[in-house]
Amino acid sequence: MKQRLSQVAAFAGVSEATVRRVLNGAPDVMPKTRDAVLTALDVHGFERPARFRRGRAPLVGLVIPELLNPVFPAFVQALSGLLSTHGLVPALCNRAPDGGPDAHSINLLLGQRVAGLVFVGASYTDIGEEQGRRLREERIPLVLINAADENLDLAQVNVDDALAAEQAMAHLTSLGHRRIGLVLGPVGHVPSALKLRGYAAFQARRGLGSDDWRPWVAHTIFSMEGGSTALPRLVDAGVTAVVCASDALALGAIRAARRRGLRVPDDLSVVGFDDSPFLVATDPPLTTARQPVATMAAAAVASLVSQLGGHAAANELMLFEPELVVRSSTAPPPAG
């Protein structure tokens with residue numbers, strides 16, 4: 001045993017004490033160090049500890065907050081096709097009936113020795129302390145897409161929400177709009193907070209502080225109903241255009257505008273986010289920020305496959321640029 005420890009330590013470039021800590025599953029060992037020790041075991045033909053042996057099921061859990069927003073099925077479809085090329089099978093985990101994270105589904109996946117997990121717009125921290133502990137202890141490969149949490153030391157693939165807000169603002173101001181509203185998801189939702197950051201930065205460059213634009217910002221739930229209920233207050237505050245944090249919010253805002261007798265875009269311009277399918281067929285076709293879903297899915301799968309291959313996760317943020325797709329829901333503000 002002493003000879004084995006010395007061989008592994010020498011090959012990995014670490015001390016024998018570090019090798020012992022890896023073999024004993026110490027949680028404070030750096031991933032790169034752990035990988036080096038496990039590689040040394042493989043090279044010398046020594047059996048890995050049971051917790052580090054291969055043999056996981058080829059299942060990859062796709063954790064999403066809902067299916068009603070078309071962008072989430074779009075991500076599921078893109079991820080599923082890419083995973084299948086690597087012999088991996090997607091297993092969908094949707095929000096539980098009570099609206100919370102489906103910890104039961106996570107437990108089932110862990111019981112099946114799931115190969116990895118991809119969180120798409122869902123909260124990693126809300127899965128529960130016990131599930132989070134198990135994921136860390138079993139070192140399940142993880143990737144987050146458009147994470148709903150902040151400051152997580154995990155591989156993340158995000159669209160640039162702040163840039164999306166600035167692109168929409170630049171488009172609307174170029175049309176002549178000055179009082180531009182913003183409809184966001186709930187307070188604390190990180191992608192919404194990032195959009196607000198981009199909105200605030202753009203307004204600051206125009207010489208407006210938060211006291212000026214605060215009445216033009218509304219937080220609500222992500223749904224058409226949320227957009228419908230948020231819009232009246234912004235219209236009463238005098239906005240001539242609104243930027244929405246999702247296409248569903250934007251469609252709800254258009255519906256509420258019509259109820260008040262406003263025409264889109266003649267009386268009110270509306271911008272969405274996601275570029276969901278069939279938006280070209282809405283009345284009017286919606287101007288929206290398009291997420292590069294296929295590219296982001298490819299980056300997430302590449303990170304996951306790398307982790308499955310035994311490489312330490314690159315705990316960094318991969319940021320992708322959105323594209324503003326201009327259609328017929330935006331126009332110059334009404335005269336006067």
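We use all heavy atoms of the structure for the numbers below, so side chains are in, but hydrogens, waters and symmetry mates are not.
- For the atom pair CG (Asp274) and CD (Gln291), the distance works out to 5.0 Å, reported to the nearest 0.5 Å.
- In this structure, Leu79 CG and Leu88 CG are separated by 11.5 Å, a value rounded to the nearest 0.5 Å.
- The main-chain N or O of Phe273 is found under 3.5 Å from a side-chain atom of Thr288 such that the two form a donor-acceptor pair.
- Between the side chain of Gln307 and the main chain of Leu142, a donor-acceptor pair closer than 3.5 Å is present.
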- Query: Please walk me through it: do Trp216 and Leu208 pass side chain to side chain contact (heavy atoms under 4.5 Å, CB included)?
  - Reply: CA-CA 12 Å; Trp216 306 340; Leu208 299 180; 4.1 Å; yes

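- Judged by distance alone, with hydrogens and angles left aside, the side-chain atoms of Arg233 form a donor-acceptor pair with the main-chain N or O of Val217 at under 3.5 Å.
- Within the model, atoms CG of Leu268 and CZ of Arg258 stand 11.0 Å from one another, a figure rounded to the nearest 0.5 Å.
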- Please walk me through it: do Arg178 and Thr173 pass side chain to side chain contact (heavy atoms under 4.5 Å, CB included)? CA-CA 6 Å; Arg178 295 295 176 262; Thr173 54; 4.0 Å; yes

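- Side-chain atoms of Thr85 come within 3.5 Å of backbone atoms of Leu82 as a donor-acceptor pair (strictly under, hydrogens ignored).
- Between Arg290 and Leu279 there is no side-chain heavy-atom pair separated by less than 4.5 Å.
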- Item | Test side chain to side chain contact (heavy atoms under 4.5 Å, CB included) applied to Leu231 and Val183, step by step | CA-CA 8 Å; Leu231 183 76; Val183 181; 5.6 Å; no

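- Between Val22 and Val19, every side-chain heavy-atom pair lies at or beyond the 4.5 Å cut-off.
- Using modelled atom types and a 3.5 Å distance limit, the side chains of Thr330 and His171 yield a donor-acceptor pair.
- The backbone N or O of Ala253 lies less than 3.5 Å from no partner atom in the side chain of Ser228, so there is not a single donor-acceptor pair.
- The side-chain heavy atoms of Val157 and Phe320, taken from C-beta on, include a pair separated by under 4.5 Å.
- Just one residue in the list Gln203, Arg197, Lys195 forms a side chain to side chain donor-acceptor pair (under 3.5 Å) with Tyr199, and that residue is Gln203.
- Here the side chains of Leu62 and Ser80 are in contact, with some heavy-atom distance below 4.5 Å.
- With a 6.0 Å radius and a threshold of 12 heavy atoms from other residues, nucleotides or ligands, Glu323 has its CD atom above the threshold.
- Separating the CE atom in Met296 from the CG atom in Asn146 is a distance of 4.0 Å, to the nearest 0.5 Å.
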- Task: Verify side chain to side chain contact (heavy atoms under 4.5 Å, CB included) between Met30 and Thr18, making sure each step is shown before the conclusion.
- Result: CA-CA 10 Å; Met30 294 291 291; Thr18 297; over 6 Å; no

- Task: Dump the intermediate steps for salt bridge (charged side-chain N to carboxylate O under 4.0 Å, His left out) on Asp35 and Arg139, then the final yes or no.
- Result: CA-CA 12 Å; Asp35 288 349; Arg139 298 183 177 86; over 6 Å; no

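- One distance of note links CZ of Arg263 with CD1 of Ile254; it measures 14.5 Å at 0.5 Å rounding.
- Here the side chains of Leu41 and Leu23 are in contact, with some heavy-atom distance below 4.5 Å.
- Counting heavy atoms from C-beta outward, Val37 and Arg21 have side chains that stay 4.5 Å or more apart.
- Note on Asp236 versus Arg260: salt bridge recorded, some NZ/NE/NH1/NH2 to OD/OE distance being below 4.0 Å.
- Side-chain atoms of Phe75 and Ile145, non-hydrogen and from C-beta on, do get closer than 4.5 Å to each other.
- A distance-only check finds a donor-acceptor pair linking the side chain of Ser269 to the backbone of Ala331 [under 3.5 Å].
- Between Leu251 and Met224, the closest side-chain pair of non-hydrogen atoms falls below 4.5 Å.
- Put simply, the side chain of Asp247 gets close to the backbone of Ser276: a donor and an acceptor are under 3.5 Å apart.
- For Thr240 and His177, the side-chain atoms include at least one donor-acceptor pair closer than 3.5 Å.
- For the atom pair CG of Leu324 and CE of Met169, the computed distance is 12.5 Å after rounding to the nearest 0.5 Å.
- Arg206 has no carboxylate O lying under 4.0 Å from a charged side-chain N of Asp212, or vice versa, which leaves the two without a salt bridge.
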